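Below: one structure, written as structure tokens.
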Amino acid sequence: MPIVSRIRTIPDYPKKGIMFRDITTLIKDPVGFRIMIDQLATRYSDIKIDKVVGIESRGFIIGAPLAHLLGAGFVPIRKKGKLPAETVGRDYALEYGVDRLEIHIDAIAPGDTVLLVDDLIATGGTAEAAAGLVNEVGGKIVECAFVIDLPELGGSKRLLKLGHKVFSLCRFEGE
């Protein structure tokens, strides 16, 4: 059974007209969770990955077990003020304002190969900010990987235009 069948769609959440793709139904299912992580691990098993970087917060759920299977370290990118040591940060636009992501300045060694992961790519603003932080601290992004792509929102194209490779396990188009 494909993982897409384990992803719940919630209409009109968080506001009318939005079809929210909820991975909690996928990650609560031990078979679905294993399939998701194994599919990602298989894709990257022959590629040297020094660090898997997960974007707060669902990227942590995916990134940590993936890093374990790949024999890589795990690095969290968090919202402003959540990391205890010295950080660098980057602002990104929200629908109604601006937010900020941060990474520890010593989380990635210069030249480390990095796999950037999150649950979903929509408009790409958060992923673009995270990728910028990885680059700023010296990491070399191998690919940006997502469980879900919402291609009509343009996030994957946005990352591709910046020179990043993009992969997703499933796509929801025109829904």
Side-chain angles (χ1 to χ4, degrees), residues 3 23 26-27 33-94 97-151 153-171:
I3 66 166
I23 69 159
L26 170 62
I27 62 177
F33 187 68
R34 181 179 307 266
I35 290 168
M36 173 188 67
I37 298 300
D38 286 350
Q39 285 179 352
L40 289 168
T42 298
R43 178 172 178 83
Y44 301 106
S45 64
D46 293 331
I47 300 170
K48 181 183 178 293
I49 306 286
D50 297 309
K51 301 286 188 320
V52 174
V53 173
I55 303 170
E56 186 166 339
S57 65
R58 290 176 297 270
F60 301 172
I61 297 166
I62 300 157
L66 181 57
H68 171 73
L69 289 177
L70 295 175
F74 176 75
V75 174
I77 287 186
R78 301 219 50 201
K79 295 202 174 157
K80 183 179 179 181
K82 300 290 186 181
L83 292 170
E86 187 177 352
T87 62
V88 292
R90 193 164 286 225
D91 293 337
Y92 64 101
L94 298 169
V98 175
D99 211 343
R100 186 170 182 84
L101 293 176
E102 295 179 337
I103 190 171
H104 280 137
I105 61 167
D106 61 354
I108 296 170
D112 273 356
T113 53
V114 171
L115 176 62
L116 183 67
V117 299
D118 205 358
D119 68 321
L120 183 139
I121 180 80
T123 64
T126 306
E128 180 181 347
L133 287 172
V134 169
N135 291 333
E136 188 173 338
V137 297
K140 305 294 180 211
I141 297 174
V142 171
E143 195 161 65
C144 301
F146 306 92
V147 176
I148 300 168
D149 184 7
L150 304 177
L153 297 180
S156 289
K157 286 182 183 177
R158 182 176 181 170
L159 293 177
L160 289 167
K161 285 181 185 175
L162 293 170
H164 298 294
K165 293 180 182 177
V166 179
F167 173 75
S168 63
L169 290 175
C170 58
R171 298 164 56 102

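Since the model is a prediction, treat every value here as computed from it, not as a measurement.
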Notebook entry, point to check: Does Glu56 use its side chain to pair, donor to acceptor, with the backbone of Lys79 at less than 3.5 Å?
Noted result: yes
Margin query: Using every non-hydrogen atom in the two residues, find where Leu116 and Ala130 come nearest and quote the distance to one decimal.
Written below: CD1-CB, 4.0 Å
Next item on the list: In sequence, state the C-alpha distance, the side-chain angles, and the governing distance for Asp50 and Val114, and then conclude on side-chain contact (heavy atoms from CB on, under 4.5 Å).
Entry: CA-CA 6 Å; Asp50 297 309; Val114 171; over 6 Å; no
Checklist line | Euclidean distance, Gln39 CD relative to Ile3 CD1, rounded to 0.5 Å | finding: 5.5 Å
Note to self: Please report the interatomic distance SG(Cys144) to CD1(Ile55), rounded to the nearest 0.5 Å.
What the structure shows: 7.5 Å
Note to self: To the closest 0.5 Å, what do you measure between CD1 (Ile103) and CD (Glu136)?
What the structure shows: 9.5 Å
Margin query: With a 4.5 Å cut-off on side-chain heavy atoms, are Val117 and Tyr44 touching?
Written below: no
Margin query: Is there a side-chain contact between Leu115 and Leu40 in this structure, where contact means two heavy atoms from C-beta onward sitting under 4.5 Å apart?
Written below: no
Check: Are side-chain heavy atoms of Pro151 and Lys157 found at a separation under 4.5 Å?
Finding: no
Check: Counting only N and O atoms by type, is there a donor-acceptor contact under 3.5 Å from the side chain of Glu102 to the main-chain atoms of Gly81?
Finding: yes
Margin query: Would you say that more than 12 heavy atoms from the other residues, nucleotides or ligands in this model lie under 6.0 Å from the CZ of Arg34, or not?
Written below: no
Checklist line | Closest heavy-atom pair and its distance - His164, Asn135 | finding: CE1-ND2, 3.9 Å
Next item on the list: Work out which heavy atom in Leu69 is nearest to a heavy atom in Ile37; give both atom names and the distance.
Entry: CD1-CG2, 3.5 Å
Next item on the list: Check for a donor-acceptor pair, side chain of Asp112 on one end and backbone N or O of Gly139 on the other, with a separation under 3.5 Å.
Entry: no
Next item on the list: Please lay out, stage by stage, how Val75 and Val134 fare under the test side-chain contact (heavy atoms from CB on, under 4.5 Å).
Entry: CA-CA 10 Å; Val75 174; Val134 169; over 6 Å; no
Next item on the list: Apply side-chain contact (heavy atoms from CB on, under 4.5 Å) to Phe33 and Ile27, showing your working.
Entry: CA-CA 5 Å; Phe33 187 68; Ile27 62 177; 3.6 Å; yes
Next item on the list: Evaluate side-chain contact (heavy atoms from CB on, under 4.5 Å) for Arg43 paired with Leu66, printing each intermediate quantity in order.
Entry: CA-CA 11 Å; Arg43 178 172 178 83; Leu66 181 57; over 6 Å; no
Note to self: A quick test of your reading: do over 12 heavy atoms of other residues, nucleotides or ligands sit less than 6.0 Å from NZ of Lys48?
What the structure shows: yes
Next item on the list: Identify the two heavy atoms, one from Phe74 and one from Gly54, that lie closest to each other, and give their separation to 0.1 Å.
Entry: CE1-N, 3.6 Å
Next item on the list: Could you grab the distance from atom CD1 of Ile121 to atom CD1 of Ile148, nearest 0.5 Å is fine?
Entry: 12.0 Å
Checklist line | Enclosure of Arg90 CZ (heavy-atom neighbours >12, cutoff 6.0 Å) | finding: yes
Note to self: Please find the pair of heavy atoms, one from Ala129 and one from Leu101, that lie closest to each other, and give the distance.
What the structure shows: CB-CD1, 4.1 Å
Check: So which of Asp118, Leu169, Asp119 actually passes side-chain contact (heavy atoms from CB on, under 4.5 Å) with Ile62?
Finding: Asp119
Item checked: Residues Glu128 and Arg158 bridged, charged N to O under 4.0 Å -> yes
Check: What is the minimum heavy-atom distance between Leu159 and Ala127, and which atoms define it?
Finding: CD1-CB, 3.9 Å
Note to self: Within this structure, what is the OG1-CZ distance for the pair Thr87 and Arg100, rounded to the nearest 0.5 Å?
What the structure shows: 7.5 Å
Notebook entry, point to check: Rounded to the nearest 0.5 Å, what separation is found between the CG atom of Leu133 and the CD1 atom of Ile105?
Noted result: 12.5 Å
